[in-house]
Amino acid sequence: MHVVVPYRVSDPKTRLAPVCSPAERETLSRAMLADVLDAVAGAGHDPTVLATEPFDIPDGASASVEVDDRPLSVAVNAVLCDRVERDSPVAVVMGDLALATPAALSDLFTTDGAVVFAPGRGGGTNAFVARHPEFRTDYHGASYRDHRRICADVGVTPRTVDSYRLGTDVDAPADLVEVLLHASENGRTRRFLAERFSLATGDGRVTVERRE
Ligand SMILES: Nc1nc2c(ncn2[C@@H]2O[C@H](COP(=O)(O)OP(=O)(O)OP(=O)(O)O)[C@@H](O)[C@H]2O)c(=O)[nH]1
Ligand SMILES: C[C@H](OP(=O)(O)O)C(=O)O
């Protein structure tokens with residue numbers, strides 16, 4: 001299976017700007033990418049990072065890099081076109097799945113189906129496997145709904161894996177709570193965040209606050 005991890009190199013994770021400086025967003029984004037690459041490797045696959053510009057893979061992680069500066073869906077569709085049409089399945093795993101584990105990814109990779117989704121909370125498509133030559137992506141917005149429509153258009157009944165770990169992408173400040181609670185203590189993302197933030201409990205939902 002060809003496993004692709006899309007990655008925007010410059011000015012990443014803008015929705016975290018209310019709580020993280022530009023430099024922190026960049027370091028956090030690289031930490032998440034490294035953790036995702038480790039999880040893919042742990043599931044037995046060699047990942048390829050589909051990057052918007054050339055960059056160095058974070059120390060300790062391992063991956064090939066393919067550069068495509070076109071918009072996300074165009075770049076991913078080019079890979080699907082190239083690979084799946086030649087009968088080679090493709091998995092696309094977003095680089096911000098800080099809770100991903102080899103086991104969670106293996107469940108996705110080994111689920112039979114022409115198209116198998118790991119939906120994200122909030123409407124996105126955090127990961128999928130495509131084995132059908134005509135499936136294409138249309139990311140952003142409620143892409144999980146849109147991707148199901150695209151499946152219907154090409155006559156595919158998609159399958160979905162039920163995964164808290166793959167369903168949790170780190171987009172907004174509230175998602176940092178999930179990382180502090182559930183990411184591996186040895187992972188780069190958790191270590192980076194735990195140095196800067198702690199959980200704040202009160203009457204409502206748990207949030208994060210800056211350490212003194
Ligand atoms: N190759 C490629 N990857 C992208 C692009 N946009 C986002 N990504 C990656 O896709 C994954 C999901 O990204 P998003 O959460 O939608 O966007 P983001 O850029 O990380 O964060 P925001 O600025 O807050 O939207 C992350 O691994 C990003 O690095 C793009 O245009 N091209
Ligand atoms: C790329 C986008 O990610 P989100 O905005 O949901 O993080 C999506 O999954 O469509």
Side-chain angles (χ1 to χ4, degrees), residues 2-40 47-58 61 63-82 90-100 105 108 115-130 135-151 158 160-161 163 165-176 178-179 188-189 192-193:
H2 183 60
V3 181
V4 176
V5 181
Y7 187 63
R8 197 175 86 225
V9 176
S10 294
D11 195 25
K13 289 290 141 208
T14 55
R15 284 169 280 178
L16 292 175
V19 295
C20 292
S21 69
E24 285 177 325
R25 285 189 280 116
E26 194 165 312
T27 307
L28 173 62
S29 177
R30 286 178 66 81
M32 293 196 290
L33 176 69
D35 286 344
V36 169
L37 297 177
D38 282 356
V40 172
T48 298
V49 177
L50 181 61
T52 47
E53 57 192 277
F55 81 112
D56 292 327
I57 293 291
S64 315
V65 178
E66 188 182 322
V67 173
D68 189 330
D69 64 2
R70 293 177 291 177
L72 176 61
S73 301
V74 177
V76 169
N77 287 341
V79 176
L80 294 176
C81 203
D82 181 44
V90 169
V92 178
V93 178
M94 289 316 198
D96 58 354
L97 306 187
L99 306 191
L105 287 170
L108 171 69
V115 178
V116 185
F117 293 119
R121 291 186 306 171
T125 308
N126 285 359
F128 69 86
V129 171
F135 175 74
R136 296 291 180 270
T137 61
D138 183 6
Y139 281 108
H140 301 301
S143 68
Y144 176 61
R145 176 195 61 193
D146 299 339
H147 287 150
R148 292 188 67 92
R149 281 198 191 130
I150 291 167
C151 284
T160 295
V161 294
S163 172
R165 289 194 168 277
L166 300 186
T168 305
D169 50 342
V170 178
D171 290 333
D175 301 323
L176 304 184
E178 310 305 321
V179 176
R188 298 162 181 81
T189 311
F192 175 81
L193 285 175

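Just so it is clear, the values below take in all heavy atoms, side chains as well, and ignore hydrogens, waters and symmetry mates. As the structure lists them, so they are numbered: ligands from 1, and atoms in each ligand from 1.
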Identity and separation of the nearest protein heavy atom to [atom]:
atom                    : answer
atom 6 (O) of ligand 2  : Gly124 CA, 3.5 Å
atom 9 (O) of ligand 2  : Thr125 N, 2.8 Å
atom 3 (N) of ligand 1  : Tyr7 N, 3.2 Å
atom 1 (N) of ligand 1  : Leu50 O, 2.9 Å
atom 3 (O) of ligand 2  : Asp169 OD2, 4.7 Å
atom 31 (O) of ligand 1 : Leu72 N, 3.5 Å
atom 7 (O) of ligand 2  : Asp171 OD2, 2.9 Å

message: Within ligand 2, which atoms have a heavy atom of Ser143 less than 4.0 Å away?
response: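 Near Ser143, meaning under 4.0 Å from one of its heavy atoms, ligand 2 has 8 (C), 9 (O), 10 (O).
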Contacting atoms of ligand 2, where contact means under 4.0 angstrom from a heavy atom of Leu72: 1 (C)
Counting heavy atoms only, which of [options] comes nearest to [atom]?
atom                    : options               : answer
atom 16 (O) of ligand 1 : Arg15, Met94, Arg8    : Arg15
atom 32 (N) of ligand 1 : Thr52, Thr125, Asp169 : Thr52
atom 18 (P) of ligand 1 : Met32, Lys13, Arg70   : Lys13

query: If you measure from each heavy atom of Asp171 to ligand 1, is any distance below 4.0 Å?
result: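 Yes.
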Is the closest N or O pair between [X] and ligand 1 shorter than 3.5 Å?
X     : answer
Pro71 : no
Pro6  : yes
Asp68 : no

Using every non-hydrogen atom in the two residues, find where [X] and [Y] come nearest and quote the distance to one decimal.
X      : Y      : answer
Pro18  : Arg15  : CD-O, 3.4 Å
Phe117 : Arg148 : CE1-CG, 4.2 Å
Val36  : Asp96  : CG2-N, 4.5 Å

Keeping the roles fixed (side chain from [X], backbone from [Y]), state whether a donor-acceptor pair exists under 3.5 Å.
X      : Y      : result
Asp35  : Ala98  : no
Asn126 : Gly167 : yes
Arg165 : Leu99  : yes

- prompt: At a non-hydrogen distance cut-off of under 4.0 Å, which region of Arg15 contacts ligand 2 (side chain, backbone, both, or neither)?
  reply: side chain
message: Once you restrict to heavy atoms under 4.0 Å, what part of Asn126 touches ligand 2? Side chain, backbone, both or neither.
response: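 It is neither; nothing of Asn126 touches ligand 2.
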message: Arg121 and salt bridge (Lys or Arg N to Asp or Glu O under 4.0 Å): which single residue from Asp175, Asp169, Asp171 fits?
response: Asp175
- request: Classify the angle between the aromatic ring planes of Phe135 and Phe128 as parallel (below 30°), tilted (30 to 60°) or perpendicular (above 60°).
  value: perpendicular
query: Does the pair Thr52 and Asp69 meet the rule for a side-chain hydrogen bond (donor to acceptor under 3.5 Å, both in side chains), with working shown?
result: CA-CA 4 Å; Thr52 47; Asp69 64 2; over 6 Å; no
field: Arg121 touching ligand 2 at heavy-atom level, < 4.0 angstrom
entry: no
task: Decide whether Ser73 and Asp138 meet the rule of one side-chain donor and one side-chain acceptor closer than 3.5 Å.
output: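 No, Asp138 and Ser73 have no side-chain donor paired with an acceptor closer than 3.5 Å.
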message: Do Lys13 and Met32 make a side-chain contact, defined as non-hydrogen atoms from C-beta onward lying under 4.5 Å apart?
response: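 Side-chain contact under 4.5 Å: yes.
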statement: Here the atoms of ligand 1 under 4.0 Å from any heavy atom belonging to Asp96 are 12 (C), 15 (O), 27 (O)
Numbering as shown, the atoms of ligand 1 that approach Thr14 to under 4.0 Å (heavy-atom distance):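 Going through ligand 1 atom by atom, the ones under 4.0 Å from Thr14 are 22 (P), 23 (O), 24 (O).
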- request: Please lay out, stage by stage, how Val4 and Val76 fare under the test side chain to side chain contact (heavy atoms under 4.5 Å, CB included).
  value: CA-CA 8 Å; Val4 176; Val76 169; 5.5 Å; no
